[in-house]
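Step one of this worksheet: look at the structure below.
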Amino acid sequence: MAKELLKGNIAMAEAAIRAGLEGYFGYPITPQTELLEWMSERMPALGRAFLQAESEVAAINMLYGAACTGARVMTSSSSPGISLMMEGLSYIAGTEVPVVIIDVVRGGPGLGNIAPSQGDYNQIVHGGGHGDYHPIVLAPASVQEAIDLVVLAFDLAEKYRTIVFVMADGNIGQMMEPAELPPMRPIKSEYPHWAVRGAMGRERRILSSIYIDPKDEEVTNYRLMQVWNQIQANEVRYREYFLEDADTVVIGFGTAGRIALSAVRAARAEGIKVGLLRPITLSPFPAPQIENLIQRVKGFLVVEMNAGQMLDDVLKVVKGRVPVEFYGRMGGMVPFPDEILAEIQRMSREDIPLDGDPRQRWMKRLAPVIHWQN
Amino acid sequence: MDTTLSAQIVYQRPQSLTEATMHYCPGCTHGIAHRLIAEVMDEMGIRERSIGVAPVGCSVFAYNYFDCDFVEAAHGRAPAMATGIKRLLPDRIVFTYQGDGDLASIGMGEIVHAAGRGENISVFFINNAIYGMTSGQMAPTTLPGQKTTSSPRGRDVETMGYPLRMAELLANLDGAGYVVRRSLHDPKNIRMAKKAIRLAFETQLRGLGFSMVELLSTCSTNWGLSPLESLKWLEEHMIPYYPIGDFKVADALKEIKL
């Protein structure tokens, strides 16, 4: 198929349809609403289920029910809506049914705004719902990658009977880029051995997240952790740029990673030996790749569109062995490549301390940038 | 002349019920409600294509007792979960079984919108005017003046508001095909309840929209009454506030004679 000029939200919707989506349930929220609108036109035309729910709480529970039938199903939302879905997410995780969720992240906390942000990292990557569970979280940096990751999301969700998030941001959702959609896959004809579809000529099946005896719940938790171990061993994904001879490595995902790449290219043009590691799976986190880099780099620069949520995961790997700096913009603000370039230039000039808190140092540098008046 | 009669079975467990021993308290009418639904499933031959959605509350383990496919919803979300299943599998019979806290309090949004959409599901709503599972707190259907562990001096409508009449409320919505209230306090009413359960499933089979049977029920344990006193209390106190009746019956159902 040829490349077309596609808007991110619509490209992700169509990619899901072509991956064999059978049911979509969602609620309008900016900046992801075009995704829902596309579904409202396309899904009924294909004879598939589309429903605009009365709330995100209802949408996630409709998704939960639909997922219990073993069909390929998804929802999409943006940050405040994802917060409302946390109850259902925990139940879905506890019931071990596969779902795909697209989060087009916007500025927060609270109502915040509708500008691009990465402030949902902790809520998605590190939980949100109650109990121990780990979703897979995929972070695209372009419309093409968003398409590819949506298709992958369904395969991973079914392979591991898990929740897979595609964590985009308002930029990926709203931006138009040339991209190629995959061919239409047929709807699946066979459903898994656990699917609840009516006990025709077989024993009844029950899908539940209740294990009233704590012993059984502990065994279930152990099983979830074992699956998570497999995911960690097999599903880490990332992109490397200019890492061969880099002595400084920028780590950034999604839109922040893409902007960082522009800064890295500009720094390379000045002769600075800098590279970029762009995590594609935020969960599982590419910790082994960072561990390998520690042996040969002078320092890391973590760049995010939040106050350093992934930074904590990087610090956990680095454990003070090399200096780590942070640069972030928050609340819907997007960094310019020049801001990141200035950080790279500074790191190539100055000695960065091993101790101290990179977040505190960043706040001092950011204060004049945002015209902070104390 | 041989005077012995051959054994004849006049009463047995419906096929749609499992052999599991129910966990309900003595005097509780959940068991009657379960049995009536199962008898109707047997009579209609729909067990193998039925999918139930269990609530959170005393009937949280309903899935252990019905011999059909079942899922377990989050508190109040059964109508949303049932919607998801029904939209993916429109030719299956999908029903929820919910208590008053589940349906009329935390799940108010989900039930109203399921009814408003005319969602083709059947809802069996157990109204016993109290939270049973958490041991006797005030429900949205607790009567004015009724004492519970969270309204120890009786429900004061000035501060705690008025009980909700769910059947009347939902019957107002255009999406509702069949909405009635029945009671489980004596044999006559139990027989009427069974017919209503049948009509709820018939509503769904015919694609006539949302159906709900509200079943007035007892909670001897948390009312602090004996089973017999509970049946009397239901009749004397609940029925005046929650009248038995048909609040919405789609025209196409009126010709069905049971």
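Given the structure is predicted, the values throughout are model-derived calculations rather than measurements. In the text below, chain A, chain B and the rest are named by the order of the sequence lines, each starting its count at 1.
Contact between A/Arg197 and B/Asp69 at its shortest, heavy atoms only, is N-OD2, 3.2 Å. The minimum heavy-atom distance linking B/Ala80 with A/Asn61 is given by the pair CB-CB, 3.7 Å. Contact between A/Val196 and B/Leu89 at its shortest, heavy atoms only, is O-CD1, 3.9 Å. Contact record, A/Gly65 with B/Ile85: O-CG1, 3.3 Å, taken as the closest heavy-atom pair.
Within the 4.5 Å cutoff, side-chain heavy atoms of A/Arg204 are placed close to those of B/Thr18. B/Glu72 places none of its side-chain heavy atoms less than 4.5 Å from the side chain of A/Thr95. You'll find the side chain of B/Glu110 reaches within 4.5 Å of the side chain of A/Glu54, heavy atoms only. Taking the side chain as every heavy atom from C-beta outward, B/Arg117 and A/Leu51 approach each other to under 4.5 Å.
Your options are B/Val60, B/Val94, B/Asp67, B/Val112, and the one with the most heavy-atom pairs under 4.5 Å with chain A is B/Asp67. Chain B forms more heavy-atom pairs under 4.5 Å with one residue of A/Ile206, A/Val73, A/Ile212 than with any other, namely A/Ile206. In terms of heavy-atom pairs under 4.5 angstrom with chain A, the leader among B/Gly109, B/Pro79, B/Cys68 is B/Cys68.
Around the CG atom of A/Leu111, the shell of radius 6.0 Å holds no more than 12 heavy atoms that belong to other residues, nucleotides or ligands. The neighbour count for A/Asp216 CG, taken as heavy atoms of other residues, nucleotides or ligands under 6.0 Å away, is above 12. Annotation: B/Gln15, atom CD; neighbour count of heavy atoms from other residues, nucleotides and ligands within 6.0 Å does not exceed 12. Heavy atoms of other residues, nucleotides or ligands lying less than 6.0 angstrom from CG of B/Leu17 number more than 12. Crowding of A/Tyr222 atom OH: a count of heavy atoms from other residues, nucleotides or ligands under 6.0 Å not exceeding 12. Few gaps surround CG on A/Asp155; more than 12 heavy atoms of other groups in view lie less than 6.0 Å from it. Within a 6.0 Å sphere centred on OH of A/Tyr91, heavy atoms belonging to other residues, nucleotides or ligands number more than 12.
Checked against A/Ser208 for a side chain to side chain contact (heavy atoms under 4.5 Å, CB included), the options B/Tyr63, B/Phe61, B/Phe70 give a single hit: B/Tyr63.
Residue pairs that meet the salt bridge (Lys or Arg N to Asp or Glu O under 4.0 Å) test with at least one member in residues 77-99 of chain A, sequence neighbours left out, are A/Glu87-B/Arg77, A/Glu96-A/Arg223.
For A/Ile60, no part lies near chain B; criterion is any non-hydrogen pair under 4.5 Å. Heavy atoms of B/Arg87 lying under 4.5 Å from chain A belong to its backbone as well as its side chain. Contacts of B/Ala82 with chain A are absent, with no heavy-atom separation under 4.5 Å from either backbone or side chain. At a 4.5 Å heavy-atom cutoff, the contact between B/Ile51 and chain A is made by side-chain atoms alone. In this structure, no portion of A/Leu63 lies under 4.5 Å from any heavy atom of chain B.
Partners of B/Phe201 according to the ring-ring contact (aromatic ring centres under 6.0 Å, His included) rule, which considers only residues two or more places apart in sequence or in another chain, are B/Phe95, B/Phe124.
Residue A/Met200 holds its CE atom at 9.0 Å from OG of B/Ser50, rounded to the nearest 0.5 Å.
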